[in-house]
Amino acid sequence: QVQLVESGGGLVQPGGSLRLSCAPSGSIFSIDVMAWYRQAPGKQRELVAAITSGGSTNYADSVKGRFTISRDNAKNTVYLQMNSLKPEDTAAYYCNAGIWVTRWEFRKDYWGQGTQVTVSS
């Protein structure tokens, strides 16, 4: 059973930085778009950033210029570098990826378990 495993969340002061990582736990055939979403208490889950296998990126307006998404295709890993963090960035961050587990299966959407990011002084 493939799972997306996230790491890197934590508590940071305003203006600080964190780096999130996410990778599938087992062997896979291929990965399509990889993305980070976040959900704050009482709010809907929202897209933070996404990256295609070719490296094209897309960001939410609220994080442009502060967050950078990247991926290492050899390691099937996606990263989210978060700089100049603000209290409003506080949320559970979820990794998402479209994965073909084997060449004979359909592409499926996978989610990580979430990692908490708290920005507070």
| message | Can you tell me how far apart CD (E46) and CH2 (W36) are? Round to the nearest 0.5 Å. | response | 14.5 Å

| request: Check whether Y94 and M34 end up in the same hydrophobic cluster, where Ile, Leu, Val, Met, Phe, Trp and Tyr are linked by side-chain heavy atoms less than 4.5 Å apart. | output: no

| Can you tell me if S120 uses its side chain to pair, donor with acceptor, with the backbone of T118 under 3.5 Å? | no

| query | Any link between I28 and V78 through a network of hydrophobic side chains (Ile, Leu, Val, Met, Phe, Trp, Tyr) touching at under 4.5 Å? | reply | yes

| task | Decide yes or no for Y110 and V2: does some side-chain heavy atom of the first lie under 4.5 Å from some side-chain heavy atom of the second? | result | yes

| With sequence neighbours excluded, what pairs up with Q3 under the side chain to side chain donor-acceptor pair (under 3.5 Å) test? | none

| Stepwise side chain to side chain contact (heavy atoms under 4.5 Å, CB included) check, N96 with V33 | CA-CA 8 Å; N96 170 261; V33 175; 6.0 Å; no

| request: Spell out, yes or no, whether Y79 and I31 are grouped together once hydrophobic residues are joined by side-chain heavy atoms under 4.5 Å, including indirect joins. | output: no

| query | Would you find more than 12 non-hydrogen atoms of other residues, nucleotides or ligands less than 6.0 Å from Q44 atom CD? | reply | no

| task | Quick one: pull up NZ in K108 and CH2 in W100 and give me the separation to the nearest 0.5 Å. | result | 13.0 Å

Throw together a table of side-chain donor-acceptor distances under 3.5 angstrom for residues 4-24, partners on residues two or more places apart or in other chains.
unit_1 : atom_1 : unit_2 : atom_2 : d
E6     : OE1    : Q113   : N      : 3.3
E6     : OE1    : G114   : N      : 2.5
E6     : OE2    : C95    : N      : 2.6
S17    : OG     : N83    : OD1    : 2.9

What pairs of donor and acceptor atoms, side-chain ones from residues 64-71 against any protein atom, are under 3.5 angstrom apart with sequence neighbours left out?
unit_1 : atom_1 : unit_2 : atom_2 : d
K64    : NZ     : D61    : OD1    : 3.1
R66    : NH1    : S84    : O      : 3.0
R66    : NH1    : D89    : OD2    : 2.8
R66    : NH2    : S62    : O      : 2.9
R66    : NH2    : D89    : OD1    : 3.0
R66    : NH2    : D89    : OD2    : 3.4
R71    : NE     : N73    : OD1    : 2.7
R71    : NH1    : D32    : O      : 2.9
R71    : NH1    : I51    : O      : 3.2
R71    : NH1    : T52    : O      : 3.2
R71    : NH2    : D32    : O      : 3.3
R71    : NH2    : N73    : OD1    : 3.4

| said: Nearest 0.5 Å, please: how far is CG in N76 from OG in S27? | reply: 10.0 Å

| query | Between OG1 of T115 and OH of Y93, what distance do you get to the nearest 0.5 Å? | reply | 10.5 Å

| query | Is there a donor-acceptor contact under 3.5 Å linking the side chains of R45 and Y37? | reply | no

| Close side-chain approach of R38 and T90, heavy atoms under 4.5 Å | no

